[in-house]
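This report refers to the structure that appears directly beneath it.
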Amino acid sequence: MRLVLLGPPGAGKGTQAKILEERFGVPQISTGDILRGQVAAKTELGRQAKAFMDAGDLVPDDLIVAMMEGELRGKPSFVLDGFPRTVAQAEALDGMLQRLGLPLTSVLSIEANREALMRRLSGRWTNPRTGRTYHDEFNPPRLPRIDDEDGGPLVQRRDDTIDVVAERLATYDEKTAPLVGYYEKKGQLVRIDGLQPIDAVTQAVLSALGREAARP
Ligand code: ADP
Ligand code: ADP
């Protein structure tokens with residue numbers, strides 16, 4: 001399985017990627033989680049990425065593509081969460097996968113409206129160690145601010161504030177939304193209604209994967 005999860009911030013990409021990872025053992029590769037790890041570890045990449053992330057802008061393509069070349073090496077299956085985010089990144093990914101002889105299985109576009117995205121992001125709680133997310137209302141942890149899985153503390157991301165979220169949504173519309181058409185033209189796109197509850201979205205994802213697997 002080699003999947004790309006497309007969708008605006010808050011659509012549920014990370015939530016579904018973690019579910020696929022648990023069910024099928026396919027590793028989730030989340031560029032956001034990797035970048036936050038680099039920022040926390042104060043690496044050179046983290047230093048360069050931080051200001052863009054705090055402003056809700058994209059980190060420059062050359063940095064992301066170099067990082068992903070390393071991440072994809074030696075991984076025959078993966079769920080990409082948050083990459084590609086520009087047409088230039090999508091073209092670079094096509095090139096990498098072509099060289100490796102590993103074409104994408106499919107690209108799932110998880111769709112939701114702005115109102116739902118704002119509600120989801122404003123109530124999101126994240127485990128900074130694992131990237132797992134919860135929601136005050138839609139997916140609460142058993143104990144407040146504690147991860148059910150590893151007992152670690154949950155935090156609100158510094159870019160999940162109203163101002164930065166507005167900027168991230170605008171960045172999505174301008175730079176990432178064109179990828180929907182890009183993959184549709186290549187016949188690789190499946191649209192998923194992301195407004196449904198988490199379990200129903202998972203069912204839609206699994207049935208899309210079943211149909212793709214059955215394709216000649
Ligand atoms: P993304 O990775 O696309 O930014 P997340 O998976 O982190 O999105 O989800 C954003 C927030 O919305 C999280 O708090 C998550 O618990 C919640 N969430 C995810 N999917 C759904 C859903 N289908 N319905 C309601 N809330 C959801
Ligand atoms: P979301 O949960 O909103 O989908 P992510 O955790 O995927 O957010 O990304 C957080 C931030 O990391 C983005 O706002 C951006 O600054 C940076 N980022 C993540 N992935 C990419 C990418 N593929 N290209 C450029 N910047 C990225």
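All values reported here derive from a predicted model rather than from experimental measurement. Read the numbers this way: they start at 1 and go in the same order the structure lists the ligands and their atoms.
Under a 4.0 Å N-O distance rule, the pair Arg124/Asp136 does not qualify as a salt bridge. Ion pairing between a basic and an acidic side chain is recognised when a charged N comes within 4.0 Å of a carboxylate O; Asp160 and Arg168 show such pairing. One finds a salt bridge joining Glu22 and Arg132 here, because a Lys/Arg side-chain nitrogen approaches an Asp/Glu carboxylate oxygen to under 4.0 Å.
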Dump all N/O pairs between ligand 2 and the protein below 3.5 Å as a table: atom names plus distance, one pair per row.
residue	atom	partner	partner atom	Å
ligand 2	2 (O)	Arg124	NH1	3.2
ligand 2	2 (O)	Arg124	NH2	3.2
ligand 2	2 (O)	Arg157	NH1	3.2
ligand 2	3 (O)	Arg168	NH2	2.4
ligand 2	4 (O)	Lys13	NZ	3.0
ligand 2	4 (O)	Arg85	NH2	3.3
ligand 2	6 (O)	Arg36	NH1	2.9
ligand 2	6 (O)	Arg36	NH2	3.0
ligand 2	6 (O)	Arg157	NH1	3.2
ligand 2	6 (O)	Arg157	NH2	3.4
ligand 2	7 (O)	Arg85	NH1	3.0
ligand 2	7 (O)	Arg85	NH2	3.3
ligand 2	8 (O)	Arg85	NH2	3.4
ligand 2	8 (O)	Arg157	NH2	3.3
ligand 2	16 (O)	Asp57	O	2.6
ligand 2	20 (N)	Thr31	OG1	2.8
ligand 2	20 (N)	Gly82	O	3.4
ligand 2	20 (N)	Arg85	NH1	3.1
ligand 2	23 (N)	Gly82	O	2.9
ligand 2	23 (N)	Gln89	OE1	3.0
ligand 2	24 (N)	Gln89	NE2	2.9
ligand 2	26 (N)	Val59	N	3.0

Tabulate below the donor-acceptor pairs under 3.5 Å that side-chain atoms of residues 42-55 make, not counting sequence neighbours, or state none.
residue	atom	partner	partner atom	Å
Thr43	OG1	Gln38	O	3.4
Thr43	OG1	Gln38	OE1	2.6
Thr43	OG1	Gly46	N	3.0
Glu44	OE1	Arg47	NE	3.2
Glu44	OE2	Arg47	NH2	2.7
Glu44	OE2	Gln48	NE2	3.0
Lys50	NZ	Asp54	OD2	2.9
Asp54	OD1	Arg158	NE	2.9
Asp54	OD2	Arg158	NH2	3.0

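Contacts between Ala17 and ligand 1, counted as non-hydrogen atom pairs separated by less than 4.0 Å, are absent for every part of the residue. Heavy atoms of Gln16 found under 4.0 angstrom from ligand 1: none, in either backbone or side chain.
For ligand 1, the atoms closer than 4.0 angstrom to any heavy atom of Tyr134 are 13 (C), 14 (O), 16 (O). Close approach of ligand 1 to Val201 is summarised as follows: ligand atoms under 4.0 Å from at least one heavy atom of the residue are 23 (N). Of all atoms in ligand 1, numbered sequentially from 1 with element shown, those under 4.0 Å from a heavy atom of Phe138 are 25 (C), 26 (N).
Grouping Ile, Leu, Val, Met, Phe, Trp and Tyr by side-chain contacts under 4.5 Å, direct or through others, puts Tyr134 with Trp125, Leu154.
The salt bridge (Lys or Arg N to Asp or Glu O under 4.0 Å) contacts involving residues 2-13 comprise nothing, where partners must be two or more places apart or lie in separate chains.
Note: the hydrophobic cluster containing Phe83 does not contain Leu20 (ILVMFWY, side chain heavy atoms under 4.5 Å, direct or indirect links).
Here the side chains of Met96 and Val65 are in contact, with some heavy-atom distance below 4.5 Å.
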